[in-house]
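Report on the structure given below.
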Amino acid sequence: MGADELSAMLWRERRQLDLLLYRLETQLLHVRAGNWPRLKFTAADVEKVLEHLRFDTLARNIESSALAIEWSLSANATLPMIASAAPPGIWPELLHEHHRELVVLLKQVETTAAANVEALLTGPRGAGDPPLGPVLPGDIMDPVLPGVAAQADTVDDVMLLAENANIERALAVTRDCSLPLLKEFLGLE
């Protein structure tokens, strides 16, 4: 274990953060376009990236702890502390570069996640087509087919429930993008 392994893990974490940013941006585009049924897919994509990030965070914590101890720091040293304790050569500069880029990516993820939450809370009335609802008094109905209105109500209610479930899932997943362990490692908390 050493600086090579930590740097490799940081590159991997940067890639996963960039992918998370892309997935959040994609979800935001679908929300703003009113593509509510697509939220089940975008939420699953965000969940998958978050799962990979959790694994990468664990692996990075192991690598950073080992390197911190090797460089006479405490096992829970932050990345800036590790970079400052690095021996002369390439490592101080490279680790500071990782820190800068991770901070930028994390801020972008936080901003995009917040925009997603705001757009999702606005709901279907804030973007795209209004949600389907029940037939209201005064709506024109075909008098020849009185049972059609009841079927339409049921179908509309089911579609509205599915849409709301997609929104709630996307909200829950998006709110899970806070990444407190990464913030702590970067010395931001």
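Computed over heavy atoms, backbone and side chain alike; hydrogens, waters and symmetry mates excluded.
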TODO: Give every residue pair that meets the salt bridge (charged side-chain N to carboxylate O under 4.0 Å, His left out) criterion with at least one member in residues 75-84, sequence neighbours excluded.
DONE: none

Taking only distance into account, with no hydrogens and no angle test, what donor-acceptor pairs under 3.5 Å do side-chain atoms of residues 171-189 form with protein atoms, sequence neighbours excluded?
| unit_1 | atom_1 | unit_2 | atom_2 | d |
| --- | --- | --- | --- | --- |
| T174 | OG1 | Q27 | NE2 | 2.8 |
| T174 | OG1 | A170 | O | 2.7 |
| D176 | OD2 | R54 | NH2 | 2.3 |
| K183 | NZ | E110 | OE2 | 2.9 |

- [ ] Answer yes if L58 and M9 sit in the same cluster of Ile, Leu, Val, Met, Phe, Trp and Tyr residues linked by side chain heavy atoms under 4.5 Å apart, and no otherwise.
- [x] no

Open item on the list: Which heavy atom of L39 sits nearest to which heavy atom of L120, and what is that distance?
Closed with: CD1-CD2, 3.7 Å

TODO: Answer yes if L24 and V103 sit in the same cluster of Ile, Leu, Val, Met, Phe, Trp and Tyr residues linked by side chain heavy atoms under 4.5 Å apart, and no otherwise.
DONE: yes

Task: W91/D4 under side-chain contact (heavy atoms from CB on, under 4.5 Å): CA gap, chis, key distance, verdict - done: CA-CA 9 Å; W91 294 118; D4 288 334; 3.0 Å; yes

Task: Heavy-atom closest contact (E70 atom, G2 atom, distance) - done: OE1-CA, 4.3 Å

Task: Reported CD1-to-OG1 distance for the pair I62 and T57, which is rounded to 0.5 angstrom - done: 11.0 Å

- [ ] Please name all residues satisfying salt bridge (Lys or Arg N to Asp or Glu O under 4.0 Å) with E168, sequence neighbours left out, ordered by chain then number.
- [x] none

Task: Candidate list L67, T78, I82, test side-chain contact (heavy atoms from CB on, under 4.5 Å), partner L73, passing option - done: I82

Task: L10 vs L79 side-chain heavy atoms within contact, under 4.5 Å - done: yes

Task: Side chain S64, main chain N61, donor-acceptor under 3.5 Å - done: yes

Open item on the list: Starting from L28, can I reach L121 by hopping between I/L/V/M/F/W/Y residues whose side chains sit under 4.5 Å apart?
Closed with: no

- [ ] Kindly work out whether a path of hydrophobic side-chain contacts (I/L/V/M/F/W/Y, heavy atoms less than 4.5 Å apart) joins Y22 to L106.
- [x] yes

TODO: Look at atom CD of E97 and say whether more than 12 heavy atoms of other residues, nucleotides or ligands are closer to it than 6.0 Å.
DONE: yes

Task: Value rounded to 0.5 Å, distance of OG1 in T112 from CD in E25 - done: 5.0 Å

Task: Closest non-hydrogen atom pair between P92 and G89, with its separation - done: CD-O, 3.4 Å

Open item on the list: Could you check whether any side-chain heavy atom of L6 comes within less than 4.5 Å of a side-chain heavy atom of L95, counting everything from C-beta outward?
Closed with: yes

Open item on the list: What's the separation between atom CG in L105 and atom CG in L19, rounded to the nearest 0.5 Å?
Closed with: 11.0 Å

TODO: Please answer whether the main-chain N or O of I90 pairs with a side-chain N or O of E93 as donor and acceptor at a distance below 3.5 Å.
DONE: no

- [ ] With rounding to the nearest 0.5 Å, note down the distance linking NE2 in H30 to OG1 in T26.
- [x] 6.5 Å

- [ ] Answer yes if L102 and V104 sit in the same cluster of Ile, Leu, Val, Met, Phe, Trp and Tyr residues linked by side chain heavy atoms under 4.5 Å apart, and no otherwise.
- [x] no

Open item on the list: Can you list everything that forms a side chain to side chain donor-acceptor pair (under 3.5 Å) with D56? Sequence neighbours excluded, please.
Closed with: R12

Open item on the list: Return the CG to CZ distance between L53 and R15, rounded to the nearest 0.5 Å.
Closed with: 10.5 Å

Task: R14: salt bridge (Lys or Arg N to Asp or Glu O under 4.0 Å) partners, not counting sequence neighbours - done: none

Task: Qualifying residues under salt bridge (Lys or Arg N to Asp or Glu O under 4.0 Å), relative to R169, sequence neighbours excluded - done: E47

Task: Atom pair OG1 (T122) and CZ (R32), whose distance is rounded to the nearest 0.5 Å - done: 9.5 Å

Open item on the list: To check you understand the geometry: which heavy-atom pair defines the closest contact between V49 and Q16, and what is its length?
Closed with: CG1-O, 3.4 Å

